[in-house]
Amino acid sequence: MLEEVERWLADRSWSAADRPLDQLLDLKRAAGTTVSVVLPALDEEATVGAIVEVIRRELIEGLPVPLVDELVVIDSGSADRTSEVAAKAGARVVHRDEILPRIPALPGKGEVLWRSLLATTGDVVCFVDADLRDFSATFVSGIVGPLLTDPGVQFVKAMYDRPLADAPGQGGRVTELVARPLLNLHWPQLAGFVQPLGGEYAVRRSLLERLPFPVGYGVELGLLVDALHTVGLDALAQVDVGVRLHRHQDGQALGRMAAAIYRTAQVRLSRGHLVRPELTQFERGPEGFVPRTYAVDTEERPPMLGVQEYGRRHVA
């Protein structure tokens, strides 16, 4: 590990307990910083309501000043009751296609996160996946904390244990097999991040609006790498928030995720294009293995600062 990364681990890795909630509220009141929490959601009726309820109960209601000013669920086309459940629990629900209708929406998580910048106003934007179980409010307060206490910090990732069934530490298979090797080999300054692909992170809007967003699964790696190049390692941090429990995907879905992440890394290494932006996988059918070919995400959205609607909102 680079000496620079060892120093960063000592200086920029914290626990959520290091910043008590009352301290954060005092600092937030004094600075006037506003915080938006965004949950990108697709068919998450089983979990999204409980997450919204915890955030409202512990970080909005009954506090001298709310830690969270805006709680938004962006529904990217759910076929279940995700929107209804989220709204009933107290979130503002916005449908992906209603945001920036001039530009047709593409499928993918990164697309939703990019559009969320137009649907929110907070100085700090905190992203939280909507499939988490046994959700703790420290997933939000922990990663927002450094942004309220240290003006030099601009991007904070959550770190946590990721069990797989009953096996501790065996989750995050794409992280260990794809993302971590890529980062260690090509961006060794980022080797200290425990969960580089984690979906829980808080970022200053002033940084997010300057970054391109891969539209699919590569968004977390892309944002992290681009943030490093934009603001430097010392502006990045991570906070331990405990244990993350969520729905695990099957091996083939993980393969498609891995391909998108590799493509995101490749573009940042060469700014070139894929020779074949497709991934073929195999499923056993009645007469043997059947090939299924999927397109690999190849689109990226430009920095939001260049979008006319975003610029007009800020001028207004």
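All heavy atoms count here, side chains included; hydrogens, waters and symmetry mates do not. Remember, predicted model here, so these are calculated numbers, not experimental data.
A heavy-atom distance below 4.5 Å is found between the side chains of L236 and V231. In this structure the side chain of Q252 never reaches within 4.5 angstrom of the side chain of R292, judged on heavy atoms. When side chains are defined from C-beta on, L132 counts as touching E200, because their heavy atoms get closer than 4.5 Å. Using a 4.5 Å heavy-atom threshold, the side chains of E84 and S78 count as separate. The closest side-chain heavy-atom distance from V307 to R301 is not below 4.5 Å.
At least one donor-acceptor pair under 3.5 Å links the side chain of T34 to the backbone N or O of D123. A distance-only check finds a donor-acceptor pair linking the side chain of S116 to the backbone of L113 [under 3.5 Å]. For the pair S136 (side chain) and T138 (backbone), a donor-acceptor distance under 3.5 Å is present. Remark: the backbone N or O of A191 is not paired with any side-chain donor or acceptor of N184 at under 3.5 angstrom. The backbone N or O of Q195 sits nowhere less than 3.5 Å from a side-chain atom of T175 that would complete a donor-acceptor pair. The backbone N or O of R12 sits nowhere less than 3.5 Å from a side-chain atom of Q238 that would complete a donor-acceptor pair. Using a distance-only test at 3.5 Å, with no hydrogens or angles considered, no donor-acceptor pair links the side chain of W114 to the main chain of P212. The main-chain N or O of G90 is found under 3.5 Å from a side-chain atom of R56 such that the two form a donor-acceptor pair. Under the 3.5 Å distance criterion, the side-chain polar atoms of R115 are matched with a main-chain donor or acceptor of I99.
V93 and A86 make their closest contact through CG2-CB, 3.8 Å (heavy atoms, listed as atom of the first residue, atom of the second, distance).
Applying the ring-ring contact (aromatic ring centres under 6.0 Å, His included) test to pairs two or more places apart or on separate chains, those with a residue in residues 3-56 are W8-F193. Evaluation of the salt bridge (Lys or Arg N to Asp or Glu O under 4.0 Å) test over residues 62-71, restricted to residues two or more places apart or in two chains, returns K28-D69, E70-R92. The ring-ring contact (aromatic ring centres under 6.0 Å, His included) analysis of residues 49-107, with sequence neighbours excluded, yields no pairs.
Residues meeting the side-chain hydrogen bond (donor to acceptor under 3.5 Å, both in side chains) test with E6, sequence neighbours left out: none. Residues satisfying the side-chain contact (heavy atoms from CB on, under 4.5 Å) test with A179, not counting sequence neighbours, are L197, L221. In this view, E53 satisfies the side-chain hydrogen bond (donor to acceptor under 3.5 Å, both in side chains) rule with no residue, not counting sequence neighbours. Partners of D134 by side-chain hydrogen bond (donor to acceptor under 3.5 Å, both in side chains), not counting sequence neighbours: none found. Looking at residues two or more places apart in sequence or on another chain, you find a side-chain contact (heavy atoms from CB on, under 4.5 Å) between P20 and D22, Q23. For F127, the ring-ring contact (aromatic ring centres under 6.0 Å, His included) partners are Y201, not counting sequence neighbours. Judged as a salt bridge (Lys or Arg N to Asp or Glu O under 4.0 Å), and not counting sequence neighbours, the contacts of E45 are R81. In this structure R7 satisfies the side-chain hydrogen bond (donor to acceptor under 3.5 Å, both in side chains) test together with D234, sequence neighbours excluded.
Linking Ile, Leu, Val, Met, Phe, Trp and Tyr whenever their side-chain heavy atoms come within less than 4.5 Å puts L63 and V52 in one cluster. The hydrophobic cluster containing L269 also contains L228, counting ILVMFWY residues as joined when their side-chain heavy atoms lie under 4.5 angstrom apart, directly or transitively.
Residues R205 and T120 have side chains that bring a donor and an acceptor to within less than 3.5 angstrom of each other.
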Just distance, no hydrogens or angles: give the donor-acceptor pairs under 3.5 Å from side chains in residues 140-157, sequence neighbours left out.
residue: S141; atom: OG; partner: A137; partner atom: O; Å: 3.4
residue: T149; atom: OG1; partner: R19; partner atom: NE; Å: 2.8
residue: T149; atom: OG1; partner: G145; partner atom: O; Å: 3.2
residue: D150; atom: OD1; partner: G152; partner atom: N; Å: 2.9
residue: K157; atom: NZ; partner: P196; partner atom: O; Å: 3.0
residue: K157; atom: NZ; partner: G198; partner atom: O; Å: 2.8

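More than 12 heavy atoms of other shown residues, nucleotides or ligands fall within 6.0 angstrom of atom CD in E61.
Separating the CG atom in L42 from the CD1 atom in I74 is a distance of 13.0 Å, to the nearest 0.5 Å. Atom CG of L182 is separated from atom CZ of R180 by 11.5 Å, given to the nearest 0.5 angstrom. Interatomic distance, E209 CD to L117 CG, rounded to the nearest 0.5 Å: 8.0 Å.
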